[in-house]
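Quick notes on the structure that follows.
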Amino acid sequence: MDTDALKEYYLMSGIDEGVYNFCDGIQRDLEERFKKIDQTAELNQIKVLSALRKHRTSTACFESSTGYGYDDIGRETLEAVYADIFGAEAALVRPQLTCGTHALTVALSAILRPGDELLSPVGRPYDTLEGVIGIKEKNPPCSLKEFGITYRQADLLPGGGFDYDAIRAAINGRTRLVTIQKSKGYDPRPTLSVKQIGELVSFIKSVKPDVICMVDNCYGEFTERTEPVQAGADLCAGSLIKNPGGGLAPAGGYIAGKRELVDLCAYRLTAPGLGKEVGATLGLNRTFFQGLFLAPVVTAGALKGAIFAAGIYEKLGFKVVPAADTPRYDIIQAVTLGSKEAMVAFCKGIQAASPVDSHVAPEPYAMPGYHSDVIMAAGAFIQGSSIELSADGPVEPPYAVYFQGGLTWYHAKFGIMMSLQYLKDAGIVHIDGKSGE
């Protein structure tokens, strides 16, 4: 590679020499980590390709359906492919699932009945799910609580491990479903590996065998070589504008797991008696298939970006979760910046590095479903797409920003460098210009 020419392009794009040299040193130290990520991506790529071939994906699968969507061969094939990849009996993959929270809500509402209890063994769930469950100070209408479904949780131990005694004590005769959030959400705690999830599921079922274990798999797909259902979870759910959509899916979500549970979810999404038989795909089948095909490589690029960010900010003395040398189980990198000003500068740098809306500056604001003002940087082709370069976080102590995405590693790299540039320009960090120092 002509490193001088590459450096010149970065300098012309707004990165100064000090920032470039510092980041270049960090990247050189990560080459072995990146090779391992590429190996996982190759395995997952072959897994996806094998499922597409096994289920005889054809150009006919890309045709559109309207109205009721009866006999949509593309929809049916895609769901068979997802089930195969995720090690599940069945899958529901629909544009009508508007986001990850919606997919989880459909599953919770489909399975739980009045008098049942929902348990989280990994602490409080992601902000947007709190309103769904009914554990906010002021709950929206139609929460699970309003329908007579109670909630209990067992917090993680200080180091991020499972509190098995508390989990055992929380499980009772009314415990019907356990929800396990794989990723950290807006909480700088370790992300769970598929192996850890499998151990947790095994413990829960040893206490109460008929409990249904569901995993919120958002941000975790294709970061490992297996998925939660393959480790014993009954169900997992996620969003297509995160990892599995590969940056091409313009909307949608998925639920995969045991057939009887997926069927219940389909009845809740559409109507009892109709289930998976209806649901027009409206011309989206091709992007769903193609996005899934690209997802392993796109996810690998995002993982590299997360590790690169951790290496940079850890070197500068900021608290990062996970640490730069820690194994990765999702694409999110938390960086505790310590002040509102630092969060704003970081997010402005990410926005400035975006291919879309790079000329606008993000500011904190109130977002539906969140308990405090949130700042979000996301110059994305798909609105809200978390597999594209983005950064966000609640503007409150400890002022942690959550970085994720990048459709290519090179874009993620540039975005992280620009975030550092903005922090330097704001006088928040100081770099002497030497490589990696």
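Numbering of residues begins at 1 and proceeds along the displayed sequence.
Using a 4.0 Å cut-off between charged side-chain N and carboxylate O, Asp38 and Lys36 make no salt bridge. Of the charged side-chain nitrogens involved, none lies within less than 4.0 Å of a carboxylate oxygen, so that Lys35 and Glu31 do not count as a salt-bridged pair.
Rounded to the nearest 0.5 angstrom, Ile111 CD1 and Asp116 CG are separated by 10.0 Å. Note that CD of Gln290 and CG of Leu52 are 11.0 Å apart. Values are rounded to the nearest 0.5 Å. For the atom pair OG of Ser386 and CG of Asp330, the computed distance is 11.5 Å after rounding to the nearest 0.5 Å. To the nearest 0.5 Å, atoms CZ (Phe346) and OG (Ser339) are separated by 12.5 Å. Here the CD1-CD1 distance, from Ile149 to Ile133, works out to 10.5 Å after rounding to the nearest 0.5 Å.
In the displayed structure, Lys208 atom NZ is contacted under 6.0 Å by more than 12 heavy atoms of other residues, nucleotides or ligands. Environment of CZ in Arg33: crowded, with over 12 heavy atoms of neighbouring residues, nucleotides or ligands closer than 6.0 Å. No more than 12 heavy-atom neighbours from other residues, nucleotides or ligands sit within 6.0 angstrom of NZ on Lys319. No more than 12 heavy-atom neighbours from other residues, nucleotides or ligands sit within 6.0 angstrom of CD on Glu42.
Panel note: side chain Lys276, backbone Ala91; a donor-acceptor pair is recorded below 3.5 Å. No donor-acceptor distance shorter than 3.5 angstrom exists from the side chain of Arg53 to the backbone of Val48, with no hydrogens or angles considered. At distances below 3.5 Å, not a single donor-acceptor pair connects side-chain atoms of Arg176 with backbone N or O atoms of Gly173. Proximity of a side-chain donor or acceptor of Asp163 to a complementary backbone N or O of Ala166 within less than 3.5 Å is detected. Of the possible donor and acceptor atoms, one in the side chain of Thr408 sits under 3.5 Å from a partner among the backbone N and O of His411. Ser143 contributes no side-chain N or O that, together with a main-chain N or O of Asn139, makes up a donor-acceptor pair within less than 3.5 Å. A distance-only check finds no donor-acceptor pair linking the side chain of Arg94 to the backbone of Ala266 [under 3.5 Å]. Gln181 places a side-chain N or O within 3.5 Å of a backbone atom of Tyr126 that can act as its donor or acceptor partner. Checking side-chain atoms of Ser390 against main-chain N and O of Glu388 turns up a donor-acceptor pair under 3.5 Å. Side-chain N or O atoms of Gln45 include one that pairs as donor or acceptor with a backbone N or O of Phe293 at under 3.5 Å.
Between Tyr164 and Phe162, the ring-plane angle classifies as perpendicular under the 30° and 60° cut-offs.
When Ile135, Asp155, Leu156, Asp187 are each tested for a side-chain contact (heavy atoms from CB on, under 4.5 Å) with Arg124, only one passes: Ile135.
Side-chain contact between Leu177 and Thr179 is present, with at least one heavy-atom pair separated by less than 4.5 Å. Side-chain atoms of Ile387 and Ile331, non-hydrogen and from C-beta on, do get closer than 4.5 Å to each other. Taking 4.5 Å as the limit, some side-chain heavy atom of Leu316 sits within range of a side-chain heavy atom of Leu420. Side chains of Tyr82 and Pro244 form a contact here, defined as non-hydrogen atoms less than 4.5 Å apart. Proximity of Lys184 to Val321: side-chain heavy atoms (C-beta onward) are separated by under 4.5 Å at one or more points. Taking 4.5 Å as the limit, some side-chain heavy atom of Leu235 sits within range of a side-chain heavy atom of Ile255. In this structure, Leu274 and Tyr267 have side chains that are not in contact, with every pair of non-hydrogen atoms separated by 4.5 Å or more. Between Thr287 and Pro250 there is a side-chain heavy-atom pair separated by less than 4.5 Å.
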**Request:** For Ile307 and Leu30, run side chain to side chain contact (heavy atoms under 4.5 Å, CB included): C-alpha distance rounded to whole Å, both residues' side-chain angles, the deciding distance at 0.1 Å, then the answer.
**Result:** CA-CA 8 Å; Ile307 292 169; Leu30 294 172; 3.6 Å; yes
**Message:** Under the criterion salt bridge (Lys or Arg N to Asp or Glu O under 4.0 Å), I'd like the reasoning laid out for Glu363 against Lys348: C-alpha separation, chi angles, the key distance, then a yes or no.
**Reply:** CA-CA 8 Å; Glu363 296 289 346; Lys348 283 183 176 180; 3.6 Å; yes
**Message:** I'd like to know whether Thr40 forms a side chain to side chain contact (heavy atoms under 4.5 Å, CB included) with Leu43, so could you lay out the CA-CA distance, the side-chain angles of the two residues, the decisive distance to 0.1 Å, and finally the verdict.
**Reply:** CA-CA 5 Å; Thr40 298; Leu43 184 148; 5.7 Å; no
**Request:** Please lay out, stage by stage, how Val298 and Asn243 fare under the test side chain to side chain contact (heavy atoms under 4.5 Å, CB included).
**Result:** CA-CA 8 Å; Val298 172; Asn243 304 18; over 6 Å; no
**Request:** I would like to know whether Val178 and Ser120 meet side chain to side chain contact (heavy atoms under 4.5 Å, CB included); could you show each step before the answer?
**Result:** CA-CA 6 Å; Val178 170; Ser120 170; over 6 Å; no
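Side-chain contact of Tyr402 with Gln404: a donor-acceptor pair under 3.5 Å is absent, judged by distance alone. A donor atom on one side chain and an acceptor atom on the other are not found under 3.5 Å apart for Thr336 and Tyr313. With no hydrogens or angles considered, a side-chain donor-acceptor pair links Asn172 and Glu117 at under 3.5 Å. A donor-acceptor contact under 3.5 angstrom links the side chains of Arg328 and Gln333, judged on distance only. Side-chain contact check for Arg56 and Thr77: no donor-acceptor pair (N or O, by modelled atom type) lies under 3.5 Å. Of the N and O atoms on the side chains of Asn285 and Asp72, at least one donor lies less than 3.5 Å from an acceptor on the other residue.
Across all their heavy atoms, Val122 and Leu192 have their closest contact at CG1-CD1, 3.8 Å. Of all heavy-atom pairs between Gln230 and Ile85, the closest is OE1-O, 4.2 Å. Nearest heavy atoms, Met417 versus Tyr20: CE-CD1, 3.7 Å. Between Leu118 and Leu108, the closest heavy-atom pair is CD1-CD2, 3.8 Å. In terms of heavy atoms, Leu292 sits closest to Pro296 at O-CD, 3.6 Å. The minimum heavy-atom distance between Arg268 and Ser109, with the atom names listed, is NE-O, 3.8 Å.
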Just distance, no hydrogens or angles: give the donor-acceptor pairs under 3.5 Å from side chains in residues 215-223, sequence neighbours left out.
from, atom 1, to, atom 2, distance (Å)
Asp216, OD1, Cys218, N, 3.1
Asn217, ND2, Glu227, OE1, 3.1
Asn217, ND2, Tyr254, OH, 3.2
Glu221, OE2, Tyr254, OH, 2.6
Thr223, OG1, Gly220, O, 2.7
Thr223, OG1, Tyr329, O, 3.0

Which pairs of donor and acceptor atoms, one on a side chain in residues 257-264, lie under 3.5 Å apart (sequence neighbours left out)?
from, atom 1, to, atom 2, distance (Å)
Lys258, NZ, Asp234, OD1, 3.0
Arg259, NH2, Glu89, O, 2.8

